[in-house]
**Student:** 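Sharing a structure, written as structure tokens. Questions coming.
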Amino acid sequence: MEQAGAVARAANDRAAAALGTGETWNEATEAALAGLPRAGAPPDLALLFVDSHFGGDYAAIVECVRGGTGASHLLGCSGQSVIGPGLEAEDGVAVAVMTLRLPGATLTPLALTENSSVEALLDAAQDRGEMAAWLALADPFSTHADALVGAIERRWPGTPVLGGLASAHDQREGTAVFLDDEVYATGAVLLGLSGAVGFRALVAQGATPIGQAWTITDCERNVIQTVGSRPALDVLRETLGALDPETRERAQRNLLVGLAMDEYRDEHAQGDFLIRNLMGADQESGAIAINAIPRVGQTFQFQYRDAAAADADLQAQLATLKDALAEEEQVVGAMLCACNGRGQGLFGEPHHDAGALAAALGPIPTAGLFCNGEIGPVGGANFVHGFTASIALLTTAAD
């Protein structure tokens, strides 16, 4: 990657995005801003993602981007690496900026700090009525992200919440979230979207089902004793034993479980499950533990994840999303939150998720980061995920 410059950019009549690199925050930020067109009315929103190598200068970068774009609102956070249009800056230090003009849209910004209450903040926002979507970015070490997402879900059932948990090169320090002119080392920032703005959500969990779907017949908290009235561990062994040797080897490296979001469907396929980790097994009782709370009667299927499965899932979901776009619907821009366990470490090549998005939908303005956890809807409900690509598409009626 170049030492300094705007190395990725994309623009349309409503949005623009650029990723700039540099040895200093000034170089990287100015390179990103230089990659954005300056003509036209000031944007309504700027999204900002900053490599945590610039952690001592977050406030200066926020001030520079807010002033340089003239955006009415700014939302963003730190990242272990940041993402721009078609490019993931894993091999360089970068700043990614996206600006959006959203005429007729209403933006509701909220900051959850150590002195604020989630319930009070959301109560106040609820007075503003329905929301098309929420964008959410949170510090992973000070915020109970599952509780935050659940609180939003209770007030706006079925409204998508997309985003991620801030990350940093130092796994315990250097994370921050940004809202308007402020930088917060703890807490979360939210932006509600309503009015004349459309929204499409994509959550690619990257898992492939194996064996058959079963019904959970006995469980307690996160421990599943039986599925189909048989010990869960026996079913797992049988499932693995029925696979061909190559698939069995792939599956054993990263076994997962899938909880169906709609057990009344006749058939379940990739994308129909909430994917969670298999935490352990009791050889004596045949029970397995997972990092979720299942319920008796829920449809359950073993899964596995590797690079090929993750690629196939993302490609399939992008194709489905593209087909679902209405003829008069224009994609304005995308926020891409990818797990820091994806990228080159998983796929063995750079720019996988950002490149797949650009290949499917064209060179749309895109900004995002590699996260400590991703937020997005599965089966109409919102969750915090791992090893996932969560993509928020803002759309509008074509002119």
Side-chain angles (χ1 to χ4, degrees), residues 12-17 41-48 66 69-77 98-112 116-138 145 148-164 177-182 187-203 321 324-326 328-337 364-368 375-378 380-383 390-399:
N12 55 44
D13 60 347
R14 295 289 181 88
D44 299 293
L45 175 63
L47 297 179
L48 170 64
R66 186 85 187 278
T69 62
S72 300
H73 293 289
L74 180 146
L75 183 81
C77 69
M98 180 163 67
T99 56
L100 301 110
R101 290 191 303 108
L102 303 168
T106 299
L107 308 184
T108 301
L110 300 175
L112 174 63
S116 59
S117 157
V118 174
E119 303 299 330
L121 281 174
L122 297 182
D123 284 346
Q126 197 167 18
D127 292 339
R128 304 191 186 188
E130 296 299 318
M131 297 287 172
W134 284 94
L135 302 181
L137 301 168
L148 174 60
V149 171
I152 298 172
E153 180 84 28
R154 287 192 295 274
R155 284 165 174 76
W156 294 275
T159 298
V161 182
L162 279 101
V177 293
F178 321 136
L179 185 67
D180 292 342
D181 297 319
E182 300 298 326
V189 291
L190 307 171
L191 187 77
L193 299 163
S194 58
V197 60
F199 200 85
R200 296 280 183 169
L202 183 154
V203 176
L321 186 150
L325 290 170
E328 67 279 5
E329 192 174 9
Q330 175 187 345
V331 176
V332 176
M335 184 176 77
L336 169 55
C337 295
I364 59 173
T366 302
I375 300 169
V378 173
N382 297 293
F383 300 93
S390 176
I391 303 175
L393 287 184
L394 297 179
T395 70
T396 187
D399 294 333

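Computed over heavy atoms, backbone and side chain alike; hydrogens, waters and symmetry mates excluded. Heads up: numbering here begins at 1 and tracks the sequence.
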**Student:** Kindly indicate whether the side chain of Leu190, heavy atoms from C-beta on, has any atom under 4.5 Å from the side chain of Leu122.
**Tutor:** yes
**Student:** Can you name the side-chain contact (heavy atoms from CB on, under 4.5 Å) partners of Ala125, sequence neighbours left out?
**Tutor:** Thr108, Leu110, Trp134, Trp156
**Student:** Can you name the nearest heavy-atom pair linking Ser117 to Leu112, along with the distance?
**Tutor:** C-CD1, 4.2 Å
**Student:** Could you check whether any side-chain heavy atom of Leu394 comes within less than 4.5 Å of a side-chain heavy atom of Arg14, counting everything from C-beta outward?
**Tutor:** no
**Student:** Please identify each residue that fulfils side-chain contact (heavy atoms from CB on, under 4.5 Å) with Ala124, with sequence neighbours left out.
**Tutor:** none
**Student:** Minimum heavy-atom separation for Ala367 and Met98, please, with both atom names.
**Tutor:** CB-CB, 3.8 Å
**Student:** For Asp180, what residues pass the salt bridge (charged side-chain N to carboxylate O under 4.0 Å, His left out) criterion, not counting sequence neighbours?
**Tutor:** none
**Student:** Using a 3.5 Å distance criterion without hydrogens, assess whether the side chain of Asn12 forms a donor-acceptor pair with backbone atoms of Pro365.
**Tutor:** no
**Student:** Return yes if some donor-acceptor pair links the side-chain N/O of Asn382 with the main-chain N/O of Ile375 below 3.5 Å, else return no.
**Tutor:** no
**Student:** Do you know the tightest heavy-atom contact between Gly187 and Val177?
**Tutor:** O-CG2, 4.2 Å
**Student:** Of the options Pro160, Cys337, Pro377, which is the one that meets Val203 in a side-chain contact (heavy atoms from CB on, under 4.5 Å)?
**Tutor:** Pro377
**Student:** Before giving the answer on side-chain contact (heavy atoms from CB on, under 4.5 Å), spell out for Leu75 and Leu48 the whole-Å C-alpha distance, their side-chain angles and the decisive distance to 0.1 Å.
**Tutor:** CA-CA 6 Å; Leu75 183 81; Leu48 170 64; over 6 Å; no
**Student:** How long is the gap from OG1 on Thr396 to CD on Glu328, to the nearest 0.5 Å?
**Tutor:** 10.5 Å
**Student:** Looking at Ile364 and Ala334, what are the two nearest heavy atoms and their distance?
**Tutor:** CD1-CB, 3.8 Å
**Student:** Among all residues two or more places apart in sequence or in another chain, which pass the side-chain hydrogen bond (donor to acceptor under 3.5 Å, both in side chains) test with Thr395?
**Tutor:** Glu329
**Student:** For a quick test of reading the model, state the closest non-hydrogen atom pair linking Leu107 to Leu191 and the distance between them.
**Tutor:** CB-CD1, 4.1 Å
**Student:** Does the distance from a Lys or Arg side-chain N to an Asp or Glu carboxylate O, for Glu182 and Arg66, drop under 4.0 Å?
**Tutor:** no
**Student:** Can you tell if the side chain of Arg155 reaches within under 4.5 Å of the side chain of Met131, non-hydrogen atoms only?
**Tutor:** no
**Student:** I'd like to check Leu148 versus Val118 (side-chain heavy atoms, cut-off strictly below 4.5 Å). Are they in contact?
**Tutor:** yes
**Student:** Determine, step by step, whether Val332 and Val197 satisfy the side-chain contact (heavy atoms from CB on, under 4.5 Å) criterion, reporting the C-alpha distance in whole Å, the side-chain angles of both residues, the deciding distance to 0.1 Å, and the verdict.
**Tutor:** CA-CA 10 Å; Val332 176; Val197 60; over 6 Å; no
**Student:** Please identify each residue that fulfils side-chain hydrogen bond (donor to acceptor under 3.5 Å, both in side chains) with Gln126, with sequence neighbours left out.
**Tutor:** none
**Student:** Kindly determine whether Leu202 and Leu393 satisfy side-chain contact (heavy atoms from CB on, under 4.5 Å), including the steps that lead there.
**Tutor:** CA-CA 8 Å; Leu202 183 154; Leu393 287 184; over 6 Å; no
**Student:** Are Thr159 and Ile152 close enough that some pair of their side-chain heavy atoms sits under 4.5 Å apart?
**Tutor:** no
**Student:** How close do Ser390 and Leu162 get, heavy atom to heavy atom, and via which atoms?
**Tutor:** OG-CD2, 3.3 Å
**Student:** How many angstroms lie between atom CG of Leu47 and atom OG1 of Thr366, to the nearest 0.5 angstrom?
**Tutor:** 10.5 Å
**Student:** Among all residues two or more places apart in sequence or in another chain, which pass the side-chain contact (heavy atoms from CB on, under 4.5 Å) test with Ala41?
**Tutor:** Arg101
